[in-house]
Visitor: 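Below: one structure in structure tokens.
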Amino acid sequence: MSKNTTTNVSGAQAADHDRIYIFDTTLRDGEQAPGATMTLEEKLQIAELLDEMGVDIIEAGFPIASNGDFEAVSEIAKRSKNSVIAGLARAIPADIDRAGEAVRHAGRGRIHTFVSTSPIHLAHQMKKSQEEVLEIVTQTVTQARNLIDDVEWSAMDATRTPLDYLARCTEAAIRAGATTINIPDTVGYSTPEDYCQLFKDLIEMVPDSDKVIFSTHCHNDLGLAVANSLAGVRGGARQVECTINGVGERAGNAALEEMVMSIRTRSDVLPYRTGIETTHLTKVSKIVSAAANFPVQYNKAIVGKNAFAHESGIHQDGVLKHAETYEIMTPESVGLKSTSLVMGKHSGRHAFKEKLKDFGYELGDNQFQEAFARFKDLADRKKNVYDEDIIALVDDEIGSAGDRIKLVELEVISKTGGEHRCYVKLDVEGDEVSVIEEGSGSVDAIFRAIKSAVGAQPRLVLYGVDAVTGGTDAQANAHVRLEMNDRIVSGRATEPDTLVATARAYLSAYNRLLVDRGAAAQGALASQSV
Ligand code: KIV
Ligand code: ZN
């Protein structure tokens with residue numbers, strides 16, 4: 001493999017002292033959230049949006065984990081226009097070669113290699129001494145630098161690592177040629193004061209620290225990921241690692257939209273700038289939520305449904321008189337558009353397309369036709385079609401594209417104190433399969449019927465339904481989480497009927513179990529809890 005000699009972010013722009021580089025890891029750390037598996041098409045779409053939005057570095061995946069991950073990273077690398085494309089690698093020669101191979105075709109590629117440094121990880125997971133790990137740092141970073149000029153090294157569980165040892169490892173990584181040094185708060189344990197000081201100390205102690213870019217990577221176990229990342233910036237970090245909607249393992253990662261909007265809104269106390277076009281935030285949040293099957297909580301900062309909704313009379317009155325009374329940023333600045341176009345059964349294709357554009361959706365021809373047909377059907381059944389209905393319908397359409405098993409017919413009979421029976425007809429990759437099953441209730445009967453039709457026994461981890469809008473004719477939004485062979489996947493579906501939504505959400509999760517991510521992916525991730 002030839003060495004990629006393109007300029008890396010760190011070397012070229014280190015001089016621009018107030019510029020914060022945004023490293024998005026939605027497609028790697030974000031995808032590790034239970035149930036958040038995405039298809040190749042979804043990853044390509046998200047990477048394109050991140051690139052367009054001005055993300056500096058996109059961590060596109062973990063190439064050794066599976067052929068699917070490798071393909072996603074190399075395809076994103078080939079298509080990227082401006083962003084640096086990073087591939088993750090453990091401190092293992094085969095991982096590093098595979099990551100190098102995957103990012104080889106990027107205009108600007110990066111190998112991101114990591115090793116644990118904390119005593120608890122060394123003793124129980126790595127079973128190696130500090131000196132052995134130090135040697136591994138030098139060897140692996142050297143190997144990566146022989147493949148590519150842009151190498152990031154991460155000290156996993158850095159915030160629980162003794163400072164002097166962390167400084168020795170960092171020094172070894174810089175000597176071996178690392179261009180970015182990442183100091184992850186892997187378990188979300190740090191506090192803003194400690195994290196800020198950690199960067200100050202390392203930058204002061206480590207020789208040649210001014211030749212590299214230091215990076216934050218914060219998990220949100222104590223709800224401090226964004227605050228810690230901003231504190232890291234104050235301590236001298238100039239790259240922040242984050243994910244859209246804060247999606248990620250356990251409580252997730254620092255949310256990109258919160259980082260970027262904090263820096264933009266509070267430039268008086270955070271005198272930095274990013275290259276992010278913030279008007280793309282709402283759109284990318286929706287697409288990631290639909291692709292990863294991760295609903296965004298209503299009160300989520302910046303992109304939650306209620307983030308700009310003023311319910312109380314006093315607030316509404318103030319905002320109407322002067323928006324800044326209760327608004328510290330405008331909805332438009334994050335790409336939220338208020339539109340007065342009313343949708344009903346007489347609305348045509350053009351109006352529907354305009355509406356989708358306002359919401360930030362760009363559908364391909366076939367997907368648009370399908371979505372429009374569903375909208376017409378909904379408008380026939382429902383008196384008022386609200387924005388939320390259209391968003392739910394289109395998210396559903398995007399989420400179910402490419403499903404290998406589809407619902408053809410469903411009939412449910414439920415009697416008080418009596419039987420609960422479900423007849424289901426499925427299209428299983430072109431073959432029709434019909435089954436009747438009984439259950440303890442209608443939902444149980446539906447799940448049993450689908451399981452017996454597809455012939456697999458996934459375990460139900462979670463089931464929930466909520467209404468998209470108010471009213472008895474509201475659409476139902478059903479969520480299902482399934483587990484099979486150590487994999488957890490989520491599915492959701494929106495339908496005017498609750499039981500149809502339930503059946504389709506179950507199938508949506510089941511279809512995700514069929515997405516070939518390979519057992520290797522799960523094994524590799526489990527062996528190093530990244
Ligand atoms: O949380 C973590 O330590 C990671 C590393 C792989 C950077 O995700
Ligand atoms: Zn992480």
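In this text, all values refer to a predicted model and were calculated from it rather than measured experimentally.
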Visitor: For Arg481 and Val489: C-alpha separation, side-chain torsions, deciding distance, then whether side-chain contact (heavy atoms from CB on, under 4.5 Å) applies.
Guide: CA-CA 6 Å; Arg481 200 164 281 183; Val489 296; over 6 Å; no
Visitor: Go through the steps to decide whether Arg79 and Glu75 satisfy the test salt bridge (charged side-chain N to carboxylate O under 4.0 Å, His left out), and finish with yes or no.
Guide: CA-CA 6 Å; Arg79 296 176 187 210; Glu75 207 45 52; 3.2 Å; yes
Visitor: Without swapping roles, check the side chain of Arg28 against the backbone of Leu88 for a donor-acceptor pair under 3.5 Å.
Guide: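 Judged by distance alone, no pair lies under 3.5 Å.
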Visitor: Start with the C-alpha gap between Ile287 and Ile46, add the side-chain angles, then the distance that decides, and say whether side-chain contact (heavy atoms from CB on, under 4.5 Å) holds.
Guide: CA-CA 7 Å; Ile287 304 255; Ile46 292 168; 4.1 Å; yes
Visitor: What distance separates Asp29 CG from Glu59 CD, expressed to the nearest 0.5 Å?
Guide: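 Here the interatomic distance stands at 7.0 Å.
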Visitor: Salt bridge (charged side-chain N to carboxylate O under 4.0 Å, His left out), that's the test. Do Arg110 and Asp149 meet it? Break it down for me.
Guide: CA-CA 8 Å; Arg110 171 180 296 188; Asp149 280 349; over 6 Å; no
Visitor: Any salt bridge between Arg504 and Asp396, counting N to O under 4.0 Å?
Guide: yes
Visitor: Can Lys81 and Glu52 be said to form a salt bridge (charged side-chain N to carboxylate O under 4.0 Å, His left out), step by step?
Guide: CA-CA 8 Å; Lys81 297 196 180 81; Glu52 265 173 37; 5.6 Å; no
Visitor: Where the side chain of Asn228 meets the backbone of Cys218, is there a donor-acceptor pair that is under 3.5 Å apart?
Guide: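 No, because the side chain of Asn228 does not come within donor-acceptor range (under 3.5 Å) of the backbone of Cys218.
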Visitor: Can you confirm whether the side chains of His112 and Ser154 place a donor and an acceptor under 3.5 Å from each other?
Guide: yes
Visitor: For a quick test of reading the model, state the closest non-hydrogen atom pair linking Ala60 to Ile85 and the distance between them.
Guide: CB-CG2, 4.0 Å
Visitor: Taking side chain as C-beta onward, heavy atoms only, is Asp150 less than 4.5 Å from Val84?
Guide: yes
Visitor: Within the supplied structure, the quantity of interest is the number of heavy atoms (other residues, nucleotides, ligands) at a distance under 6.0 Å from Asn366 CG; does it exceed 12?
Guide: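 Result for CG/Asn366: open.
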Visitor: Any side-chain donor paired with an acceptor under 3.5 Å for Asp201 and Gln197?
Guide: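 Yes, side-chain donor-acceptor contact under 3.5 Å.
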Visitor: Donor-acceptor pair, Thr26 side chain versus Gly30 backbone, under 3.5 Å?
Guide: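 No.
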Visitor: Taking CD in Glu48 as the centre, count heavy atoms belonging to other residues, nucleotides or ligands within less than 6.0 Å. Is the count above 12?
Guide: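 Result for CD/Glu48: open.
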Visitor: Give a yes or no on whether the backbone of Thr159 and the side-chain of Asp185 come within a donor-acceptor separation of less than 3.5 Å.
Guide: no
Visitor: What heavy-atom pair brings Ala158 and Ile183 nearest, and what distance separates the two atoms?
Guide: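 The pair with the smallest heavy-atom distance is CB-CG2, 3.6 Å.
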Visitor: Does Arg273 come within less than 4.0 Å of Asp16, counting only side-chain N to carboxylate O?
Guide: yes
Visitor: Could you tell me whether the side chain of Val240 reaches within less than 4.5 Å of the side chain of Phe23, counting heavy atoms only?
Guide: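 A side-chain contact is absent here, since even the closest heavy-atom pair is not under 4.5 Å.
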Visitor: For Thr274 and Ile20, indicate whether the former's side chain and the latter's backbone hold a donor-acceptor pair under 3.5 Å.
Guide: no
Visitor: Should we count CG of Asp365 as having more than 12 external heavy atoms under 6.0 Å?
Guide: no
Visitor: Which residue is it: Arg374, Lys382, Lys355? I am looking for the one with a salt bridge (charged side-chain N to carboxylate O under 4.0 Å, His left out) to Asp389.
Guide: Lys382
Visitor: Hey, can you tell me if Phe352 and Phe368 have their rings parallel, tilted or perpendicular (30° and 60° cut-offs)?
Guide: tilted
Visitor: At what distance, to the nearest 0.5 angstrom, does CD of Glu483 lie from CG of Leu460?
Guide: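 Between atom CD of Glu483 and atom CG of Leu460 there are 10.5 Å.
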Visitor: State which residue, out of Gln367, Lys353, Lys357, Lys283, fulfils the side chain to side chain donor-acceptor pair (under 3.5 Å) condition with Glu362.
Guide: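 That would be Lys283; it is the only one of Gln367, Lys353, Lys357, Lys283 passing the side chain to side chain donor-acceptor pair (under 3.5 Å) with Glu362.
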Visitor: Ignoring hydrogens and angles, state whether a donor on the side chain of Thr186 or Asp157 is under 3.5 Å from an acceptor on the partner side chain.
Guide: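 Note: Thr186 and Asp157 side chains miss the donor-acceptor criterion.
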Visitor: Please round to the nearest 0.5 Å and tell me the distance separating atom OG1 of Thr282 and atom NE2 of His280.
Guide: 11.0 Å
Visitor: Between Ile244 and Leu50, does the side-chain contact (heavy atoms from CB on, under 4.5 Å) criterion hold? Intermediate values first, please.
Guide: CA-CA 10 Å; Ile244 300 294; Leu50 296 174; 4.0 Å; yes
Visitor: One thing to verify: whether Arg381 and Asp377 come together as a salt bridge, which I'm taking to mean a side-chain N less than 4.0 angstrom from a carboxylate O.
Guide: yes
Visitor: Kindly say whether Cys242 contributes a backbone atom to a donor-acceptor pair with the side chain of Thr25 at under 3.5 angstrom?
Guide: no
Visitor: Are a donor atom and an acceptor atom from the side chains of Ser74 and Arg104 found within less than 3.5 Å of each other?
Guide: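 Per modelled atom types, Ser74 and Arg104 side chains form no pair under 3.5 Å.
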Visitor: Do Tyr506 and Tyr510 have ring centres separated by under 6.0 Å?
Guide: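 Not under 6.0 Å, so no.
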Visitor: Ignoring hydrogens and angles, tell me if any N or O in the side chain of Arg250 forms a donor-acceptor pair with the backbone of Asp221 under 3.5 Å.
Guide: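 Not a single qualifying donor-acceptor pair exists.
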Visitor: Output the distance between atom CD1 (Ile391) and atom CG (Asn477), rounded to the nearest 0.5 Å.
Guide: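 Separation between the atoms: 12.0 Å.
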Visitor: Under a 3.5 Å cutoff, is there a donor and acceptor pairing between the side chains of Arg512 and Thr37?
Guide: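 Note: Arg512 and Thr37 side chains miss the donor-acceptor criterion.
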Visitor: Do Leu256 and Met53 touch side chain to side chain, with heavy atoms closer than 4.5 Å?
Guide: yes
Visitor: Looking at side-chain heavy atoms only, is the closest gap between Ile57 and Ile22 below 4.5 Å?
Guide: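 With C-beta onward as the side chain, the pair stays apart.
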Visitor: What are the two closest non-hydrogen atoms of Ala33 and Phe294, and how far apart are they?
Guide: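 Closest approach of Ala33 to Phe294, heavy atoms only: CB-CZ, 4.0 Å.
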Visitor: Do the side chains of Leu378 and Lys345 get nearer than 4.5 Å, heavy atoms only?
Guide: no
Visitor: Does a side-chain heavy-atom distance below 4.5 Å link Ile111 with Glu152?
Guide: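 Heavy-atom side-chain distance check fails, nothing below 4.5 Å.
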Visitor: Taking all heavy atoms of Val296 and all of Ser285, pick out the closest pair and write down the distance.
Guide: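 Closest approach of Val296 to Ser285, heavy atoms only: CG2-OG, 4.0 Å.
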Visitor: What are the two closest non-hydrogen atoms of Ala501 and Ala476, and how far apart are they?
Guide: CB-O, 3.7 Å
Visitor: With the threshold set at 4.0 Å, does a side-chain nitrogen-carboxylate oxygen contact exist between Lys300 and Glu257?
Guide: yes
Visitor: Is there a side-chain contact between Ile390 and Leu356 in this structure, where contact means two heavy atoms from C-beta onward sitting under 4.5 Å apart?
Guide: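 Sidechains of Leu356 and Ile390: in contact.
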Visitor: Are any side-chain N or O atoms of Asp69 and backbone N or O atoms of Phe62, one a donor and one an acceptor, separated by less than 3.5 Å?
Guide: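 It does hold such a pair.
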Visitor: Atom CZ in Arg404, atom CG in Asn511: separation rounded to 0.5 Å?
Guide: 8.0 Å
Visitor: Which residue in the set Leu27, Ile76, Thr39 passes side-chain contact (heavy atoms from CB on, under 4.5 Å) when paired with Leu44?
Guide: Ile76
Visitor: Are side-chain heavy atoms of Val151 and Thr180 found at a separation under 4.5 Å?
Guide: no
Visitor: Donor-acceptor check, side chain of Asn253 to backbone of Thr243, threshold 3.5 angstrom: yes or no?
Guide: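 Not at all, since once roles are kept as given, no pair shorter than 3.5 Å links the two residues.
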Visitor: Stepwise, does the side chain to side chain donor-acceptor pair (under 3.5 Å) test hold for Asp51 with Ser83?
Guide: CA-CA 6 Å; Asp51 196 346; Ser83 310; 3.2 Å; yes
Visitor: Measuring from Met259:CE to Tyr272:OH, what's the distance to the nearest 0.5 Å?
Guide: 10.0 Å
Visitor: Grab the two heavy atoms, one from Val73 and one from Val103, that are nearest each other, plus how far apart they are.
Guide: CG1-CG1, 3.9 Å
Visitor: Does the Ser262 side chain pair with the main chain of Glu258, one donor and one acceptor, at a distance under 3.5 Å?
Guide: yes
